[in-house]
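Since the structure comes first, as structure tokens, the remarks are kept for the end.
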Amino acid sequence: MIPDEVRVRFAPSPTGFFHVGSARTALYNWLFARHHGGKFIIRIEDTDRTRYHPEALPDLLAGLRWLGLCWDEGPEVGGDCGPYHQSDRLDLYRHYAEHLVAGGVAYRCYCRPGRLTAMREKQRAAGLSPGYDRHCRHLTSKQVADYEAQGIKPVVRLAIPMAGVTEFDDFLRGHIVVENRQLDDQVILKSNGFPTYHLAVVVDDHLMGITHIMRGDEWLSSVPKRVLLYEAFGWTMPVLAHLPIILDPSGKGKLGKRKKKSADGQQTLIYIHEFRQAGYLPEALVNFLALVGWSYDGQTEFFTRDELVRYFDVSKVSKSPGAFSYDKLDHTNATYIRRLGANDLAGRLLRVLLRAGLAADFSTALRLVPLVRERLKTLDAVVPLVDFFFRQEISYDPAMLVQGKMGRGDTLAALRAAETTLRAIGTFDEEMLEGELRSLAEKLGLKAGQLFGCIRVACTGKKVSPPLFGTLSILGQEVVVRRLHDAVTRFASWAG
RNA sequence: GCCGCAUUCGUCUAGAGGCCCAGGACACCUCCCUCUCAAGGAGGAGAUCGGGGGUUCGAAUCCCCCAUGCGGUACCA
């Protein structure tokens with residue numbers, strides 16, 4: 001089952017941004033390769049010139065690198081089986097297509113697109129399965145000469161046997177049998193000289209020595225055509241495993257290629273660069289993605305990359321599609337954030353803060369870490385949580401200063417007392433602050449929460465903030481006193 | 001329409017004839033902790049294993065039928 005050297009590939013088509021569903025497929029291939037000490041190859045399937053998107057390839061490679069899915073052969077790294085762009089391998093496909101035509105397994109077809117659409121419409125109207133009517137399968141040499149004389153550029157079609165069955169084994173789904181009459185005489189070489197997917201993939205997988213193919217379920221029904229090609233070439237087919245697709249959070253449809261709102265109106269992220277920008281850790285995304293469709297023991301939820309490599313087993317991949325749960329991703333991400341070392345987290349947060357235009361520095365970021373670490377689902381979430389540390393002015397509705405069961409007079413008195421107390425305090429560390437403010441609350445006849453809430457709003461402009469004493473301590477006496485003073489004046493004029 | 005694949009708590013899944021009146025995780029609820037929000041701790045609710053037939057002493061696990069969902073049916077991948 002496992003040959004001397006395992007070679008797997010991830011073969012995306014550069015038609016759009018790197019999608020999280022593709023990323024999972026890439027991940028499984030990568031894990032499989034690493035698990036078996038084999039090679040992970042990237043091949044770019046750019047045979048559809050009409051759907052080609054120039055930003056797709058850079059986005060893909062950046063995404064793979066971000067996720068840590070390094071490849072052994074492929075774009076930018078080269079390898080012995082190149083080129084790794086199908087558009088650079090056109091001669092190869094033509095050669096093999098020609099070989100098939102010569103062997104009678106394929107034939108040239110001169111039908112024009114108009115005739116084909118009309119034919120399909122008629123078939124559909126008649127309640128038949130649409131399919132090529134094999135008009136050109138047995139042309140006389142005179143007919144061919146006529147078409148050629150008219151300058152029609154032919155396509156090459158695979159001549160599917162008229163009867164019998166094609167069978168194959170899928171590592172996950174078992175033995176599958178399809179009747180040949182269900183199969184169409186698929187185009188394998190387009191009139192522009194480009195191959196279609198079916199030919200290119202077979203030729204490349206063979207030439208590149210691919211031993212195992214793991215790809216999305218949507219390809220399962222095209223396998224018989226490939227079996228026929230392998231047979232025609234006399235090549236042995238790699239081991240196939242068709243992976244279940246990833247569904248959107250509702251579990252109803254495929255996680256879309258396009259950005260759309262989920263049922264609850266939340267923005268859903270689907271491209272890898274979006275997860276990156278939103279502050280997900282690549283290691284968390286990898287951990288999460290590994291578990292959509294695969295499980296180790298049904299118990300373990302967190303795996304280091306090495307553990308993933310060690311434990312990954314394709315035979316334990318689920319057969320049924322799974323919904324993408326953003327809640328679970330957030331949970332995984334939050335857990336990874338909590339486990340990060342302080343310096344590491346500080347560095348990552350610093351980048352986010354700077355990107356948000358806040359004048360942060362590393363040492364402040366490091367001091368912030370213990371205050372925010374347990375409160376972040378994503379790195380970006382740090383911005384609204386701590387922005388007040390880096391702003392000169394904060395703004396808020398003075399009404400927020402009034403805490404539950406407090407009147408305006410109480411509030412004003414509390415703010416004034418807090419200002420006085422904190423102005424007079426000697427050391428501005430957490431312990432001292434807590435002691436002073438607790439006794440102040442007592443003196444004022446307030447619950448600790450009431451006083452603290454009041455100060456919180458005055459100093460952060462928010463009802464929710466990191467723990468108060470740590471926050472005040474980092475803010476520093478000068479800023480805290482100033483903000484309390486501002487609060488007193490603002491509140492006085494607002495309460496009028 | 002035709003063909004193929006799939007179907008265990010809302011979601012991700014464990015489960016490969018008795019260990020399962022189905023286990024874990026997310027989400028949800030309650031309580032504890034508590035300066036807010038989190039995190040953490042302790043509990044709770046939630047699946048007659050899509051439905052119906054078999055096989056068997058015994059089925060979520062094997063077989064058949066049906067239903068539903070998804071995918072394919074392109075000079076797209």
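By convention in this document, chain letters (A, B, ...) are assigned in the order of the sequence lines, proteins followed by strands, and residues within each chain are numbered from 1. Below, all heavy atoms of this structure are taken into account, side chains as well, without hydrogens, waters or symmetry copies. Please read all numbers here as calculations on a predicted model, not as lab measurements.
- Spacing between atom CG of Leu199(A) and atom C1' of rA77(B) amounts to 14 Å, rounded to whole angstrom units.
- Looking at Arg456(A), its side chain comes within 3.5 Å of the base of rC35(B) through a donor and an acceptor atom.
- Residue contacts for Ile176(A): at a heavy-atom cut-off of 4.0 Å it reaches the sugar-phosphate backbone alone, with no base atom in range.
- Among the atoms of the strands shown, only primed sugar atoms or phosphate atoms (P, OP1, OP2) are found under 4.0 Å from some heavy atom of Arg120(A).
- Using a 4.0 Å heavy-atom criterion, one finds that Ala448(A) contacts no nucleic acid atom at all.
- To the nearest 0.5 Å, the span separating OG1 on Thr471(A) from CZ on Arg456(A) amounts to 7.5 Å.
- Base-pair partner of rU68(B): rA6(B) (Watson-Crick or G-U wobble, both distances under 3.5 Å).
- Using a 4.0 Å heavy-atom criterion, one finds that Arg173(A) contacts the sugar-phosphate atoms exclusively.
- Here the separation of rA59(B) from rC20(B), taken at their P atoms, is 16 Å to the nearest Å.
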Can you check nucleotides 65-67 of chain B for protein contacts, nitrogen or oxygen pairs under 3.5 Å, and list what you find?
none

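- Counting only residues at least two apart or in different chains, ring pair (Phe, Tyr, Trp, His ring centres under 6.0 Å) contacts with residues 432-458 of chain A comprise Phe452(A)-Phe469(A).
- For Ser222(A) and rG72(B), a side-chain-to-base donor-acceptor distance below 3.5 Å is absent, hydrogens and geometry of angles not being considered.
- For Arg338(A) and rG40(B), the shortest distance from a side-chain N or O to OP1 or OP2 is below 4.0 Å.
- Rounded to whole Å, the distance from CD1 on Ile455(A) to C1' on rC35(B) is 9 Å.
- The partner of rC19(B), taking Watson-Crick or G-U wobble pairs whose two distances both stay under 3.5 Å, does not exist in any strand shown.
- Note on Ser465(A): a base of the nucleic acid sits closer than 4.0 angstrom, heavy atoms only.
- In this structure, Gly322(A) reaches the sugar-phosphate backbone alone: every heavy-atom distance under 4.0 Å involves primed, P, OP1 or OP2 atoms, never a base.
- Checked by atom type, the side-chain pair Ser325(A)/Asp327(A) shows no donor-acceptor distance below 3.5 Å.
- Within the 4.5 Å cutoff, side-chain heavy atoms of Ser473(A) are placed close to those of Arg367(A).
- For Ser191(A) against rC75(B), a side-chain-to-base donor-acceptor contact under 3.5 Å is present.
- Considering only the side chain of Asp327(A), rC26(B) comes nearest among rU36(B), rC76(B), rC26(B).
- If you take CZ of Arg124(A) and P of rC3(B), they are 15 Å apart, rounded to a whole angstrom.
- Take Tyr107(A) and apply the ring-ring contact (aromatic ring centres under 6.0 Å, His included) test, not counting sequence neighbours, and it matches no residue.
- Counting any heavy atom pair closer than 4.0 Å across all strands shown, Pro12(A) reaches no nucleic acid atom.
- Within 4.0 Å of Gly293(A), counting heavy atoms only, lie sugar-phosphate atoms of the nucleic acid but no base atom.
- In this structure, the nucleotide among rC35(B), rC75(B), rA77(B) sitting nearest to the side chain of Leu468(A) is rC35(B).
- At rG72(B), none of the side-chain N or O atoms of Lys225(A) fall inside 4.0 Å of OP1 or OP2 (strictly under the cut-off).
- When rounded to the nearest whole Å, the span between CG of Leu289(A) and C1' of rU13(B) equals 16 Å.
- Nearest-nucleotide mapping onto RNA chain B: of Thr335(A) and Pro466(A), the residue sitting toward the 5' end is Pro466(A).
- One interatomic measurement links the two molecules: CG of Leu220(A) to P of rU73(B), which rounds to 13 Å at whole-angstrom precision.
- Side-chain contact, Asn287(A) with Thr332(A): no donor N or O sits under 3.5 Å from an acceptor N or O.
- For the residue pair Asp59(A) and Tyr271(A), no side-chain donor N or O sits within less than 3.5 Å of a side-chain acceptor on the partner.
- Side-chain atoms of Val178(A) lie closest to rC3(B) of the nucleotides rC3(B), rC37(B), rA14(B).
- Between Gln123(A) atom CD and rU73(B) atom P there is a gap of 15 Å when expressed in whole angstrom units.
- Nucleic acid contact for Cys454(A): none, since no nucleic acid atom lies under 4.0 Å from a heavy atom of the residue.
- The residue Val292(A) sits close only to the backbone: its heavy atoms come under 4.0 Å of sugar-phosphate atoms, none of a base.
- Base pairing analysis places rU56(B) opposite nothing; no Watson-Crick or G-U wobble pair with both distances below 3.5 Å involves it.
- Heavy atoms of Ser129(A) sit under 4.0 angstrom from at least one base atom.
- Which of rA39(B), rA77(B), rU11(B) sits closest to the side chain of Ser325(A) comes down to rU11(B).
- Going from atom CD1 of Ile246(A) over to atom C1' of rC70(B) covers 14 Å, rounded to whole Å.
- Distance CD1 (Ile245(A)) to C1' (rU7(B)): 14 Å, rounded to an integer number of Å.
- When the options Ile474(A), Leu422(A), Ile425(A), Leu433(A) are evaluated for a side chain to side chain contact (heavy atoms under 4.5 Å, CB included) with Val480(A), the one that passes is Leu422(A).
- In this structure, Thr47(A) reaches the sugar-phosphate backbone alone: every heavy-atom distance under 4.0 Å involves primed, P, OP1 or OP2 atoms, never a base.
- Using atom P as the reference point in both rA39(B) and rG1(B), the two lie 48 Å apart (nearest Å).
- When distances are taken from the side chain of Glu218(A) to each of rU73(B), rG72(B), rA14(B), the shortest belongs to rG72(B).
- Nucleotides rG72(B) and rC37(B) have their C1' atoms positioned 49 Å apart, rounded to a whole Å.
- The side-chain tip of Arg157(A) points at the ring of Tyr132(A) from less than 6.0 angstrom away and within 45° of straight on.
- The nucleotide whose nearest atom lies closest to any side-chain atom of Arg375(A) is, among rA77(B), rA38(B), rA39(B), rA38(B).
- If you check the side chains of Ser87(A) and Asp46(A), you find a donor sitting under 3.5 Å from an acceptor.
- Taking the ring centre of Tyr28(A) as origin, the terminal cationic atom of Arg24(A) falls inside the region bounded by 6.0 Å and 45° from the ring axis.
- Comparing atom distances between the Gln299(A) side chain and each of rA6(B), rG23(B), rA25(B) picks out rG23(B) as nearest.
- Among the nucleotides rA27(B), rC3(B), rC5(B), the one closest to any side-chain atom of His331(A) is rA27(B).
- Phe288(A) comes within 4.0 angstrom of nothing in the nucleic acid, heavy atoms only.
- You'll find that the side chain of Pro467(A) is closest to rU36(B), out of rA14(B), rA6(B), rU36(B).
- The nucleotide rU34(B) finds no pairing partner, because no Watson-Crick or G-U wobble arrangement with both distances shorter than 3.5 Å includes it.
- Closest to the side chain of Gln182(A), from the set rC76(B), rC2(B), rC35(B), is rC2(B).
- As judged by a 4.0 angstrom heavy-atom cut-off over every strand, Lys316(A) is placed among residues touching the sugar-phosphate backbone only.
- rG10(B) sits 13 Å from rG51(B) when the P atoms are compared, rounded to a whole Å.
- With a 6.0 Å cutoff to the six-membered ring centre and a 45° limit on the axis angle, Arg339(A) counts as a cation-pi contact of Phe302(A).
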